[in-house]
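Letters A, B, ... are given to chains in the order of the sequence lines, protein chains preceding strands, and every chain is numbered from 1. Heavy-atom basis, side chains included; hydrogens, waters and symmetry copies ignored.
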There are 2 protein chains.
Amino acid sequence: MLDATSSYNPMGTRIPVADRTGHRTVPETTRSTERRLPGTRYGNRPTMKDVAARAGVGLKTVSRVVNGEPGVTPETERRVQEAIEALGFRRNDSARVLRKGRTASIGLVLEDLADPFYGPLSRAVEEVARAHGALLINGSSAEDADREQELVLALCARRVDGLVVIPAGDDHRYLEPELKAGVATVFVDRPAGHIDADVVVSDNFGGARDGVRHLIAHGHRRIGFIGDMPRIHTAAERLRGYRTAMEDAGIPVEDPWMSLGVTDPERVRRAAREMLSGPEPVTAIFTGNNRVTVTVIRVLAGHPRPVALVGFDDIELADLLQPGVTVVAQDAAALGRTAAERLFRQLDGTLLAPERIELPTRLITRGSGELPPAD
Amino acid sequence: MLDATSSYNPMGTRIPVADRTGHRTVPETTRSTERRLPGTRYGNRPTMKDVAARAGVGLKTVSRVVNGEPGVTPETERRVQEAIEALGFRRNDSARVLRKGRTASIGLVLEDLADPFYGPLSRAVEEVARAHGALLINGSSAEDADREQELVLALCARRVDGLVVIPAGDDHRYLEPELKAGVATVFVDRPAGHIDADVVVSDNFGGARDGVRHLIAHGHRRIGFIGDMPRIHTAAERLRGYRTAMEDAGIPVEDPWMSLGVTDPERVRRAAREMLSGPEPVTAIFTGNNRVTVTVIRVLAGHPRPVALVGFDDIELADLLQPGVTVVAQDAAALGRTAAERLFRQLDGTLLAPERIELPTRLITRGSGELPPAD
DNA sequence: CCCGACTCTGACAACGTTGTCCAGGCTCTA
DNA sequence: TAGAGCCTGGACAACGTTGTCAGAGTCGGG
């Protein structure tokens with residue numbers, strides 16, 4: 001019997017699903033599961049040749065009709081159209097691509113499409129792509145550098161014309177041959193590692209600094225910071241913003257006030273509770289991204305005394321909570337749009353040197369950052 | 001001067017961006033913007049031929065090495081690997097696809113990737129695809145039937161192996177030739193129109209009925225319903241659930257209690273305000289989807305007396321509002337996963353007749369549905 | 001009536017890969 | 001040592017499309 005996974009697997013990809021058997025997948029001579037009938041093109045779709053035969057014209061004439069090229073008599077065109085209709089012919093873009101060299105598709109590699117930050121970003125990229133007649137292939141790296149590389153290279157093998165990448169890894173030298181080969185590339189949200197390419201990011205440093213300043217302006221001095229893993233560029237930048245704001249205000253930062261790590265709710269909950277307990281608890285918390293913010297809101301909801309909060313990234317319904325959640329908002333759609341537009345300018349050839357574009361963030365005050373220290 | 005849109009446009013797609021000039025895009029002889037150098041393959045990437053030449057072996061030997069096929073001396077393999085490395089060769093999957101007949105990619109057409117309901121759904125489909133070595137091409141129909149068809153057909157032209165479609169239109173006969181040609185197809189969230197295909201949906205009727213029953217059980221009789229356009233199947237089913245619950249309880253439904261239309265906040269706001277005013281205002285509202293729910297929450301937040309609310313679709317932070325928002329939750333990820341798994345079973349050939357699968361919904365009570373009528 | 005110009009059409013090669021098939025060299029056995 | 005059989009490697013066609021180019025047909029003017 002075939003196991004479900006290998007039955008359909010046209011690319012013969014080695015899927016790294018935790019290899020529970022332990023023994024290697026030996027390529028042997030020919031595994032039974034890999035056997036496939038020789039000319040098995042599933043549906044046997046009609047080709048231009050079939051259309052030509054049926055219409056009684058030459059192959060190239062069909063091509064001309066299909067592509068709206070001039071030089072075909074109305075009568076001939078009619079016959080061809082009829083044959084196309086009758087056979088249910090649909091041009092095979094794979095073959096077209098092979099011939100033309102461009103695939104009219106671009107790839108987007110992000111962390112997790114299910115994250116409310118990346119949905120709008122992806123949609124914005126798609127819209128720009130659509131305006132250029134290109135389709136979008138999406139891939140989630142799950143914040144895993146290997147998986148990012150695997151995805152990017154798979155996309156390159158498909159010969160996408162361009163790549164928008166939200167890096168998970170921090171070394172992108174593996175992309176050098178691709179860049180040289182002309183694959184347009186733009187990095188978003190975080191810069192690329194060891195490679196010279198276009199980058200579109202938010203002002204993570206400035207945004208975080210302003211958010212923390214806001215707390216300081218409302219009288220807080222013991223301010224906690226809970227963020228993502230420090231190896232992630234945005235997390236590091238936001239932490240730097242926090243430190244800068246504190247230093248500028250002459251507040252020495254205590255180690256227990258900072259907690260960086262995975263955004264797993266359990267870890268975040270523990271971090272928040274620790275900061276809020278002890279002899280000198282924080283009176284305000286700055287959270288490093290939307291997931292952390294949501295978890296901390298839950299913790300604070302169950303906390304006896306009010307604690308001020310400013311979060312990085314806007315979250316839906318933040319205005320309806322009591323108090324409303326003050327945030328440093330970045331514009332995910334604008335990030336995606338800017339990146340995609342730059343990508344297509346690369347493809348147009350109207351773009352020269354790689355550049356770093358920084359989009360501003362916006363402090364949206366809703367109350368939670370204005371709470372005075374409760375001691 | 002070229003206009004930005006047409007400069008990169010490999011597929012020569014007619015982009016229907018509101019044609020503000022009014023005059024048709026004539027194909028003339030050859031527009032200057034369409035001219036492209038004949039053999040311009042952007043980067044001139046190395047091919048297997050180049051690798052073969054450099055390694056001093058035959059073409060097929062390179063192919064064997066690249067695909068891990070047996071029958072190559074370690075020494076030869078080493079030479080080939082070296083050449084691959086040196087040239088930065090990457091197999092061209094377009095050509096491979098042409099030869100093999102399968103593209104190892106599937107298409108997902110949904111309404112809007114930026115909607116928090118579709119993000120997780122898309123991600124779930126992607127995970128299943130990944131487990132089968134396939135990539136995912138995403139497209140947003142923006143709830144427009146023409147755009148849905150345009151997208152689906154573009155995907156078919158790319159010869160995706162399968163399609164997961166969240167229908168915007170209600171007639172899918174245009175897909176018949178594709179189905180006949182062997183494109184695996186599964187419809188999700190809403191059934192297909194005039195075509196026999198697999199469908200995976202939530203129990204919209206039952207979910208809505210239970211939600212409304214919940215309100216009735218807490219003493220409400222004047223219950224409003226605000227939903228999406230009635231031509232959308234899910235909206236119609238949920239309305240039917242509402243009516244059934246009301247009839248079962250012997251409550252005659254008044255016309256002004258029901259409002260169906262676009263989910264545009266302005267429309268929804270107006271609808272809610274109307275129901276809440278007049279001599280006999282509703283004491284509870286059932287909202288037909290996440291976007292409507294969010295808008296209505298905002299309206300209720302500014303309303304003088306408490307109004308009960310149950311919404312279809314869960315929303316983030318619903319538990320932290322005052323009161324918590326009671327919802328009928330559907331599992332977007334499960335919808336996507338189920339559909340994708342069925343798709344690959346079609347591709348495996350282990351699937352026979354099309355089927356309709358209905359996933360259950362879950363009533364999550366958080367308080368807003370338990371408010372008693374305030375009169 | 002012929003010739004050139006023009007229009008329409010089709011044969012052919014090429015895109016980069018993989019499947020088929022055969023050749024040559026090797027080992028092993030009788 | 002010859003023949004059988006295996007192992008390795010390579011030539012070639014095919015996948016479905018598009019670009020090139022040349023041929024066939026038409027028309028008008030000299």
Participant: May I have the distance from Leu59(A) (atom CG) to dC15(D) (atom P), rounded to whole angstrom?
Facilitator: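 For the pair Leu59(A) CG and dC15(D) P, the rounded distance is 12 Å.
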
Participant: In whole angstrom, what separates Met48(A)'s CE from dA13(C)'s P?
Facilitator: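 Result: 19 Å.
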
Participant: Find the distance Lys100(B):NZ to dG16(D):P and express it as a whole number of Å.
Facilitator: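 After rounding, the reported distance stands at 15 Å.
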
Participant: Nearest-Å distance, CG (Leu98(A)) to P (dA14(C))?
Facilitator: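 One finds 14 Å between P of dA14(C) and CG of Leu98(A), rounded.
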
Participant: Roughly, in whole Å, what's the span from NZ in Lys49(A) to C1' in dT17(D)?
Facilitator: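 It is 12 Å, rounded to the nearest whole Å.
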
Participant: Among dT8(D), dG10(C), dG16(D), which nucleotide has an atom closest to any side-chain atom of Thr76(B)?
Facilitator: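 Among dT8(D), dG10(C), dG16(D), the one nearest the side chain of Thr76(B) is dT8(D).
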
Participant: Name the residue closer to the 5' end of DNA chain C, choosing between Thr61(A) and Pro46(B) according to the nucleotide with the nearest heavy atom.
Facilitator: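 That would be Thr61(A).
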
Participant: Nearest 0.5 Å, please: how far is CG in Leu136(A) from CZ in Arg130(A)?
Facilitator: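 If we round to the nearest 0.5 Å, Arg130(A):CZ and Leu136(A):CG are 13.0 Å apart.
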
Participant: Name the nucleic acid region contacted by Val97(B), choosing base, sugar-phosphate or nothing; use a 4.0 angstrom heavy-atom cut-off, strictly under.
Facilitator: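 It contacts nothing in the nucleic acid.
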
Participant: Would Asn92(A) and Arg158(B) count as having a side-chain donor-acceptor pair, cut-off 3.5 Å?
Facilitator: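 Per modelled atom types, Asn92(A) and Arg158(B) side chains form no pair under 3.5 Å.
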
Participant: Between Glu126(B) and Asn138(A), is any side-chain donor less than 3.5 angstrom from a side-chain acceptor?
Facilitator: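 Note: Glu126(B) and Asn138(A) side chains miss the donor-acceptor criterion.
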
Participant: Ignoring backbone atoms, test whether Asn92(B) places a side-chain nitrogen or oxygen under 4.0 Å from the OP1 or OP2 oxygen of dC15(C).
Facilitator: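 Result: no.
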
Participant: Tell me whether the OP1 or OP2 atom of dT17(D) has a side-chain N or O from Ser63(A) closer than 4.0 Å.
Facilitator: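 For dT17(D), OP1/OP2 do not have a side-chain N/O of Ser63(A) under 4.0 Å.
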
Participant: Counting only side-chain heavy atoms from C-beta out, which of dG16(D), dA11(D), dT9(C) sits nearest to Lys60(B)?
Facilitator: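 Nearest to the side-chain atoms of Lys60(B), counting from C-beta on, is dA11(D).
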
Participant: What is the minimum heavy-atom distance between Ser141(B) and Ala168(B), and which atoms define it?
Facilitator: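 Result for this residue pair: OG-CB, 3.7 Å.
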
Participant: Heavy atoms from C-beta onward define the side chain here; which of dT8(D), dG16(D), dT17(C) lies closest to that of Arg91(B)?
Facilitator: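 Closest nucleotide among those given: dT17(C).
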
Participant: Mind calculating the distance between CZ (Arg90(A)) and P (dT17(D)) to the nearest angstrom?
Facilitator: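 Interatomic distance, CZ of Arg90(A) to P of dT17(D): 12 Å.
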
Participant: Where each residue is assigned the nucleotide of DNA chain D containing its nearest heavy atom, which of Phe89(A) and Arg64(B) is assigned the position nearer the 5′ end?
Facilitator: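 Between the two, 5'-proximity favours Arg64(B).
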
Participant: Without decimals, in angstroms, what is the distance between Asn67(A) CG and dT17(D) P?
Facilitator: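 Distance check: Asn67(A) CG to dT17(D) P gives 10 Å.
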
Participant: Verify the contact: side-chain N or O of Thr73(B) to OP1 or OP2 of dG9(D), cut-off strictly under 4.0 Å; return yes or no.
Facilitator: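 So the side chain of Thr73(B) is within the cut-off, an N or O lying under 4.0 Å from OP1 or OP2 of dG9(D).
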
Participant: Check the distance between dT17(D)'s C1' and Arg96(B)'s CZ and give it to me in whole angstrom.
Facilitator: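 After rounding, the gap between these two atoms is 20 Å.
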
Participant: Do the rings of His132(B) and Phe344(B) sit parallel, tilted or perpendicular, given the 30° and 60° boundaries?
Facilitator: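 Taking Phe344(B) first and then His132(B), their aromatic rings lie parallel (interplane angle under 30°).
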
Participant: So if I take every side-chain heavy atom of Arg99(B) and compare against dT8(D), dA13(D), dG16(D), which nucleotide ends up nearest?
Facilitator: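 Closest nucleotide among those given: dA13(D).
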
Participant: Looking for any heavy atom pair under 4.0 Å, which part of the strands does Val66(B) touch: base, sugar-phosphate only, or nothing?
Facilitator: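 Answer is nothing: Val66(B) stays at 4.0 Å or more from every strand.
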
